[in-house]
There are 2 protein chains.
Amino acid sequence: MPVPRDAASRRSGIPDATVARLPIYLRVLGAFAESGLPTVSSEGLAAAAGVGSAKLRKDLSHLGSYGTRGVGYDVEYLVYQISRALGLTQHYPVAIIGVGNLGHALANYAGFGTRGFQIAALVDADPRRAGEVIAGIEIRHLDELETIIKEHEISIGVIATPAAAAQDVCDRLVACGVTSVLNFAPTVLAVPESVDVRKVDLSIELQILAFHEQRKSAGLHGEPGVAVPDVVRTSVASA
Amino acid sequence: MPVPRDAASRRSGIPDATVARLPIYLRVLGAFAESGLPTVSSEGLAAAAGVGSAKLRKDLSHLGSYGTRGVGYDVEYLVYQISRALGLTQHYPVAIIGVGNLGHALANYAGFGTRGFQIAALVDADPRRAGEVIAGIEIRHLDELETIIKEHEISIGVIATPAAAAQDVCDRLVACGVTSVLNFAPTVLAVPESVDVRKVDLSIELQILAFHEQRKSAGLHGEPGVAVPDVVRTSVASA
DNA sequence: ATTTGTGAAGGGTTTCACAGCG
DNA sequence: CGCTGTGAAACCCTTCACAAAT
């Protein structure tokens with residue numbers, strides 16, 4: 001029974017690492033489009049996105065041949081092709097569970113509504129918050145979770161509850177047919193194989209920074225310092 | 001001029017991929033410690049952290065040989081060793097710039113204060129918010145940024161401003177000597193090579209989920225489904 | 001002349017499988 | 001006998017360098 005190498009990237013043909021960068025390209029292209037720029041070279045787009053130009057070209061090559069040699073990429077067309085590859089041509093209704101500080105921030109986050117997503121429901125366990133309206137959406141009680149998910153045909157759930165509640169909420173979401181979960185609670189969620197979970201953990205990111213910070217102060221006099229450019233100064237349509 | 005392969009991982013000996021997972025192990029070990037469990041096997045710890053046991057052992061082997069063959073790892077001791085490797089034995093003061101919804105959430109986030117970090121300052125551009133107290137810390141105005149950073153000797157900055165302000169704030173932080181930045185604003189920040197930037201982008205995470213979501217509904221009847229366990233159900237000291 | 005698209009080379013990461021130690 | 005620690009293999013991702021196209 002030969003197990004396939006990687007479920008996600010094998011099914012789609014687009015490597016995971018590339019998929020993770022496409023949204024960045026999309027955002028940068030958006031800025032270029034607003035500037036009225038008709039085309040970009042791989043060099044220009046790569047600089048604005050903070051990656052190497054070869055990597056960018058390889059990434060885009062996985063979607064097809066959408067550039068013109070000697071010219072570059074048509075901005076509008078590339079936006080469309082990347083959007084299509086990411087599946088953003090359809091609209092996804094999402095539910096946010098847990099309307100504490102973080103859930104509140106997420107509900108007001110502009111990036112959610114803009115590209116392919118729509119916050120269809122806010123849910124909280126505190127009955128006193130039911131009825132409250134945030135970002136134009138009424139908060140409903142956790143008891144109604146199953147009803148709400150089915151009502152809006154939600155397949156993406158955002159968990160912004162305390163850690164203690166996260167697994168339980170996740171189980172209920174999965175039971176209603178949710179197949180993608182974005183988890184902000186500091187717990188490892190257990191889910192069936194058919195469900196995708198992505199985790200955002202503020203404290204983990206800080207700890208990774210701390211590690212590098214520590215190394216900096218430790219090695220301030222070792223071997224002759226060789227500069228390794230990682231992110232290079234770029235000036236894009238800044239905003 | 002031979003460029004070294006990778007700045008971070010070469011200086012420390014610990015691969016980046018491993019560093020990114022150590023905080024997860026640390027959290028899971030914390031739960032085990034509270035349960036009073038004296039030792040864990042690589043299998044047990046790996047299951048709770050959602051990774052394979054071989055990967056976990058290889059990760060830990062980069063820190064040294066802290067396990068006992070035939071027994072497992074001493075929970076308390078491993079917590080200490082991972083903390084030390086990550087540089088969490090010292091305390092890092094951090095500043096949060098931008099106290100909108102997200103900054104507010106971050107200020108109240110328990111994970112910040114607990115492991116090695118302390119929120120030393122909250123800064124906002126709105127003069128009307130100056131003086132307001134959140135999570136026991138008084139908000140100060142952006143004009144005072146330089147003073148505050150130096151006063152508290154802050155080397156880690158958290159940017160939670162709108163995208164338009166992020167690069168400017170970042171430049172000012174770097175000018176004051178901040179060497180690590182955690183960026184929540186949806187922009188690619190340009191910094192000198194000596195500064196580390198990590199980015200958390202809510203909308204990007206959602207777009208990655210959308211990609212996988214799309215592939216699911218597309219291939220619901222292709223080849224005979226082969227199960228690829230990704231995250232397996234585990235029951236740890238749940239909380 | 002310029003810039004894309006891509007084989008091929010080079011690293012890094014994960015997985016395997018087992019030797020070695022308790 | 002159980003479990004860790006680790007070479008070796010397999011895999012994935014990145015980088016290089018250039019042929020192909022406009």
Side-chain angles (χ1 to χ4, degrees), chain A residues 1-22 24-25 37-47 49-75 77-78 81 228-232, chain B residues 1-22 24-25 37-47 49-75 77-78 81 228-232:
Chain A
M1 198 220 294
V3 176
R5 348 341 152 113
D6 181 303
S9 61
R10 212 42 42 179
R11 277 204 291 261
S12 70
I14 304 181
D16 287 345
T18 294
V19 171
R21 281 185 297 266
L22 290 179
I24 303 174
Y25 304 152
L37 212 53
T39 61
V40 257
S41 66
S42 64
E43 196 100 17
L45 182 51
V51 302
S53 64
K55 192 190 276 187
L56 180 121
R57 288 199 300 278
K58 195 53 22 122
D59 281 344
L60 294 184
S61 77
H62 289 113
L63 316 189
S65 287
Y66 299 130
T68 308
R69 291 165 198 244
V71 179
Y73 300 90
D74 182 277
V75 173
Y77 188 52
L78 195 52
Q81 288 299 345
V228 181
D230 200 9
V231 180
V232 183
Chain B
M1 202 222 294
V3 176
R5 354 334 157 112
D6 181 299
S9 60
R10 212 43 41 181
R11 276 203 293 259
S12 69
I14 304 181
D16 286 346
T18 295
V19 171
R21 281 185 295 266
L22 289 179
I24 302 174
Y25 303 153
L37 212 52
T39 62
V40 255
S41 66
S42 65
E43 196 99 17
L45 183 50
V51 302
S53 65
K55 191 190 277 186
L56 179 121
R57 287 198 302 276
K58 185 134 276 189
D59 281 343
L60 295 185
S61 77
H62 289 114
L63 315 189
S65 286
Y66 299 130
T68 308
R69 292 167 198 242
V71 179
Y73 301 90
D74 182 277
V75 172
Y77 188 52
L78 195 53
Q81 289 298 344
V228 181
D230 201 8
V231 180
V232 183

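Worth knowing before you read on, the calculation uses all heavy atoms, side chains too, and leaves out hydrogens, waters and symmetry mates. Order of the sequence lines fixes the chain letters, A, B, ..., with proteins taken first and strands second; residue numbering starts at 1 for each chain.
- Rounding to the nearest 0.5 angstrom, the gap separating the CD atom in Q81(B) from the OG atom in S65(B) is 11.0 Å.
- If you measure from atom NZ of K55(A) to atom P of dA9(C), you get 21 Å, rounded to the nearest angstrom.
- Under the 4.5 Å side-chain criterion, counting only non-hydrogen atoms from C-beta, Y25(B) is in contact with L56(B).
- Neither OP1 nor OP2 of dC3(D) sits under 4.0 Å from any side-chain N or O of S42(B).
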Mark up nucleotides 16-22 of chain D, 5' to 3', with B wherever a protein heavy atom is under 4.0 angstrom from a base atom, S wherever such an atom reaches only the sugar-phosphate, and - elsewhere. BB-BBBS

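- For E43(A), the CD atom sits in a loose shell: 12 or fewer heavy atoms of surrounding residues, nucleotides or ligands are nearer than 6.0 Å.
- The line from OH of Y73(A) to CG of L45(A) is 8.5 Å long, rounded to the nearest 0.5 Å.
- Atom-to-atom, CG of D59(B) to P of dG5(D) comes out at 12 Å; the value is rounded to the nearest Å.
- If you measure from atom OH of Y73(A) to atom C1' of dT2(C), you get 13 Å, rounded to the nearest angstrom.
- Nucleotide dG5(C) holds its P atom 12 Å from the CD atom of Q81(A), rounded to whole Å.
- Residues that satisfy the side-chain contact (heavy atoms from CB on, under 4.5 Å) test with T18(A), not counting sequence neighbours, are I14(A), P15(A), R21(A), L22(A), D59(A), H62(A).
- A close approach under 4.0 Å does not occur between any side-chain nitrogen or oxygen of Y66(B) and OP1 or OP2 of dC3(D).
- Counting to the nearest Å, the P atom of dT4(D) and the CD atom of E43(B) are 8 Å from each other.
- For S41(A), the side-chain atoms get nearest to dT4(C) when compared with the rest of dT4(C), dT4(D), dT6(C).
- Across the protein-nucleic acid pair, D16(A) atom CG and dC11(D) atom P stand 16 Å apart, rounded to whole Å.
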List the steps, then state whether side chain to side chain contact (heavy atoms under 4.5 Å, CB included) holds for L78(B) with L60(B). CA-CA 9 Å; L78(B) 195 53; L60(B) 295 185; 3.9 Å; yes

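- One can place CG of L56(A) at 14 Å from P of dT6(C), the figure rounded to the nearest angstrom.
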